Participant: 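Provided herewith is a single structure, encoded as structure tokens, for subsequent inquiry.
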Amino acid sequence: MKVAVNVAVVGAGWAGMAAAIAHTQAGRRVTVFEAARTVGGRARAVQGTLPGGSPATLDNGQHILIGAYTESLRLMRLVGVDAQTALLRLPLTLQFPDGQGLQLPNLPPPLDALLGIARAKGWHWRDKLALLRTATAWQLRGFRCAPQTSVAALCAPLTPRLMAEFIDPLCVSALNTPAHEASGQVFLRVLQDSLFSGRGGSNLLLPRADLGALFPEAAARWLPRHGGQVITGQRIQRLLPLPGGRWQLVGTGNAAKEADAPEAFDHVTLACPSWEASRLAEGLAGTAGLAAAGRWSAAASTLRFEAITTVYAHAQSARLPQPMLALRNTAAHPAQFVFDRGQLDGQHGLLAFVVSASDGDRAQIEQQVLQQAATQLALPGLQPVQTVVEKRATFACTPGLQRPGMQVLPGLTACGDYVQGPYPATLEGAVLSGTAVAACITAG
Ligand SMILES: Cc1cc2nc3c(=O)[nH]c(=O)nc-3n(C[C@H](O)[C@H](O)[C@H](O)COP(=O)(O)OP(=O)(O)OC[C@H]3O[C@@H](n4cnc5c(N)ncnc54)[C@H](O)[C@@H]3O)c2cc1C
């Protein structure tokens, strides 16, 4: 009888759970080790308390998915999540509280974009013509540009109003990197896949459930039903190469007690963030024959990061005209978007303000956002609920960035939102990488 290949996946974020599913479907026996007590990594549920003392279900950061996230949607369905009810699907909208901005109609591309641009409120005809002309030029060039081009340079023919009210919010929400530092090539790829991938690709998919319920928790329930397991509270400290190309994992936490009878794995997939994967690979670099791990570790360690801050605030009567609005942001009013959780998951009066590429300390950002809400939304009575600062939310998606590949060593692979791929750090980039990593193993 053929013995199943034994695989360890280090990290139970969206990439790790996607990899665990793909390894399992390839007939391998999978154990996922997760350092935290919960699964989901940078897209997970967190518990909060409303000003009155009642509990609130929050996320470590408000997320948006789009219709073009086909791999995320496939995996949700596979693990039993009904995407129709778990996500609110809306045509792409970048409207401000005064009703100005872009809202695409529900039509097939490119009609939706053409009509949406023609009808955009508050834009001069010069803005609209510049956008149509520039977007046509991008399409004619196959949505490609020189690798060193920034989004700001790419969009130089556009008007200042379009930069402030369309490109800047779109760029910072998709790449979490300001336009003058962001990769034009990756931005064009996101535009191509969202606006031209087919009907609904540019739709916004707003979570109606917390991020844990949306995929990682359901995946962690799916895995044991298919012969695998997820061990939480287990941080992997070191990888030990064994004779015959096998691996032993040295960790802290409950499974460390099994040190007397350590399990040997045929293959390890690192699904932890780049800095942790880099640390684990570096630990191997001194071993004879494993110098390539040092080169991979060095490549992973060069990535820089951008923060995202989410400010949750509550007022009994707070309700937005739409589930999501764009906000005019400045240094003193830093939020780019606000979400009405009452219209999404029924937590009435709860708003989530998103500050992408955020700078500054938690208390200062929270105060600035509450002032911004009072000024731009006429919501003076908002009480802060919780402010989550994710300092290393995403890698800085800069022009010409070299990202580490999937293969670290024979028998050792890596997946995650930062691994070489077409997308910026997103849920879709993470799960695509997770699914792909299982396909690159030849044995088993
Ligand atoms: C605030 C915020 C807002 C965002 N908004 C969006 C959005 O709107 N749309 C979108 O598409 N994307 C968004 N993103 C990006 C998206 O969340 C990430 O790209 C994605 O979650 C990354 O998944 P991952 O599995 O690659 O990594 P991670 O989620 O970081 O998963 C890695 C896992 O490894 C674990 N781990 C680390 N070290 C070890 C170890 N030594 N041993 C065992 N386990 C370990 C970690 O605990 C973690 O669970 C946002 C991110 C943040 C932080």
Side-chain angles (χ1 to χ4, degrees), residues 42 61-64 66 94 130-131 134-135 137-138 141 143-195 273-275 278 298-310 326-337 353-361 364-365 368-369 389-404 416-430:
R42 276 171 285 155
Q62 177 68 46
H63 279 54
I64 312 177
I66 58 168
L94 275 175
L131 184 55
T134 310
W138 291 338
R141 273 185 247 126
F143 289 95
R144 291 214 173 77
C145 67
Q148 295 302 334
T149 313
S150 70
V151 171
L154 185 74
C155 299
L158 300 180
T159 60
R161 186 200 306 265
L162 278 176
M163 284 309 290
E165 299 203 351
F166 182 54
I167 297 297
D168 286 343
L170 202 62
C171 178
V172 89
S173 67
L175 276 65
N176 194 32
T177 310
H180 63 278
E181 290 175 24
S183 160
Q185 205 168 47
V186 176
F187 184 70
L188 284 179
R189 176 64 190 256
V190 172
L191 283 186
Q192 181 180 26
D193 287 1
S194 50
L195 291 173
S274 57
W275 56 92
S278 172
S301 71
T302 59
L303 298 175
R304 292 191 299 107
F305 302 94
E306 296 279 356
I308 300 181
T309 300
T310 306
L327 295 173
R328 291 195 167 84
N329 85 308
T330 61
H333 287 162
Q336 295 97 359
F337 292 99
F353 294 84
V354 175
V355 186
S356 292
S358 66
D359 201 9
D361 70 54
Q364 185 197 12
I365 297 173
Q368 289 177 323
V369 166
V389 182
E390 286 276 359
K391 282 211 173 333
R392 292 191 280 193
T394 67
F395 64 84
C397 190
T398 49
L401 183 68
Q402 296 294 321
R403 289 153 63 174
D417 60 359
Y418 69 93
V419 170
Q420 255 169 35
Y423 293 122
T426 52
L427 297 172
E428 183 70 0

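On a predicted model such as this, the values are computed, not experimentally measured, just so you know.
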Participant: Between Thr149 and Cys145, is there a donor-acceptor pair closer than 3.5 Å when you use the side chain of the first and the backbone of the second?
Facilitator: no

Participant: If you apply the rule side chain to side chain contact (heavy atoms under 4.5 Å, CB included), what do you find for Phe187 with Cys171, and how did you get there?
Facilitator: CA-CA 7 Å; Phe187 184 70; Cys171 178; 4.0 Å; yes

Participant: Met163 and Cys155: which non-hydrogen atoms are nearest, and at how many Å?
Facilitator: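 Met163 and Cys155 have their closest heavy atoms at SD-CB, 3.5 Å.
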
Participant: Would you check if Pro424 and Val190 make a side-chain contact, meaning some heavy-atom pair closer than 4.5 Å?
Facilitator: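 Yes, side chains in contact.
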
Participant: One thing to verify: whether Glu306 and Arg392 come together as a salt bridge, which I'm taking to mean a side-chain N less than 4.0 angstrom from a carboxylate O.
Facilitator: no

Participant: So, does Thr302 use its side chain to make a donor-acceptor pair with the main chain of Ala299 at under 3.5 Å?
Facilitator: yes

Participant: With heavy-atom distances below 4.5 Å as the criterion, would you say the side chains of Phe166 and Arg161 are in contact?
Facilitator: no

Participant: So Thr310 and Phe353, side chain to side chain contact (heavy atoms under 4.5 Å, CB included) or not? Walk me through it.
Facilitator: CA-CA 6 Å; Thr310 306; Phe353 294 84; over 6 Å; no

Participant: Is a donor on one side and an acceptor on the other found under 3.5 Å between the side chain of Thr177 and the backbone of Cys397?
Facilitator: yes

Participant: Look only at the side chain of Gln62 and the backbone of Val354, and say whether a donor-acceptor pair between them is shorter than 3.5 Å.
Facilitator: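 Checking the backbone N and O of Val354 against the side chain of Gln62, no donor-acceptor pair under 3.5 Å is found.
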
Participant: Please check this pair: side chain of Arg42 against backbone of Gly61, looking for a donor-acceptor N/O pair closer than 3.5 Å.
Facilitator: no

Participant: Show the nearest heavy-atom pair for residues Phe395 and Phe305, with the distance to one decimal.
Facilitator: CA-CD2, 3.8 Å

Participant: Would you call Ser173 and Gln336 a side-chain contact if the rule is heavy atoms closer than 4.5 Å?
Facilitator: no

Participant: Does some side-chain heavy atom of Leu170 sit less than 4.5 Å from a side-chain heavy atom of Leu191?
Facilitator: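 A side-chain contact exists here, since the closest heavy-atom pair is under 4.5 Å.
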
Participant: Would you say Leu158 and Ile167 make side-chain contact, with heavy atoms under 4.5 Å?
Facilitator: yes

Participant: With no hydrogens and no angle check, is any side-chain donor or acceptor of Arg304 less than 3.5 Å from a backbone partner on Ala396?
Facilitator: no

Participant: Taking all heavy atoms of Leu162 and all of Ala130, pick out the closest pair and write down the distance.
Facilitator: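 Minimum heavy-atom separation between Leu162 and Ala130: CD1-CB, 4.5 Å.
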
Participant: Measure across Ser194 and Ile66 and return the closest heavy-atom pair with its distance rounded to 0.1 Å.
Facilitator: CB-CD1, 3.6 Å

Participant: Could you measure the distance from the NE2 atom of His333 to the CD atom of Gln368? Nearest 0.5 Å is fine.
Facilitator: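 Output value for this atom pair is 8.0 Å.
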
Participant: For a quick check under 3.5 Å, do Ser301 and Ser278 share a side-chain donor-acceptor pair by atom type?
Facilitator: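 Side chains of Ser301 and Ser278: no pair found under 3.5 Å.
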
Participant: Is any side-chain heavy atom of Tyr418 closer than 4.5 Å to a side-chain heavy atom of Pro404?
Facilitator: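 In contact.
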
Participant: My understanding is that only one of Ile365, Asp359, Val369 makes a side-chain contact (heavy atoms from CB on, under 4.5 Å) with Thr309; could you say which?
Facilitator: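 In the set Ile365, Asp359, Val369, the residue that makes a side-chain contact (heavy atoms from CB on, under 4.5 Å) with Thr309 is Ile365.
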
Participant: Is there a donor-acceptor contact under 3.5 Å linking the side chains of Tyr423 and Asp193?
Facilitator: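 A donor-acceptor contact under 3.5 Å links the two side chains.
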
Participant: Check the pair Leu427, Asp417 against side chain to side chain contact (heavy atoms under 4.5 Å, CB included), reporting the backbone distance first and the verdict last.
Facilitator: CA-CA 7 Å; Leu427 297 172; Asp417 60 359; over 6 Å; no

Participant: In sequence, state the C-alpha distance, the side-chain angles, and the governing distance for Trp138 and Leu188, and then conclude on side chain to side chain contact (heavy atoms under 4.5 Å, CB included).
Facilitator: CA-CA 8 Å; Trp138 291 338; Leu188 284 179; 3.6 Å; yes

Participant: Specify the closest pair of heavy atoms between Gly184 and Leu154, including all atoms of both residues, with the distance to one decimal.
Facilitator: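 Taking Gly184 first and Leu154 second, the nearest heavy atoms are O-CD2, 3.9 Å.
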
Participant: Is there a donor-acceptor pair under 3.5 Å between the side chain of Ser150 and the backbone N or O of Ala153?
Facilitator: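 Flag set: sc Ser150 to bb Ala153 pair under 3.5 Å.
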
Participant: Would you mind reporting whether Val151 and Ser183 have side-chain heavy atoms less than 4.5 Å apart?
Facilitator: no

Participant: Can a donor-acceptor pair be found, under 3.5 Å and without considering hydrogens, that links the side chain of Asn176 to the backbone of Ala357?
Facilitator: yes

Participant: Indicate yes or no: at least one non-hydrogen side-chain atom of Leu401 is less than 4.5 angstrom from one of Leu303.
Facilitator: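 Contact flag for Leu401/Leu303 side chains = yes.
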
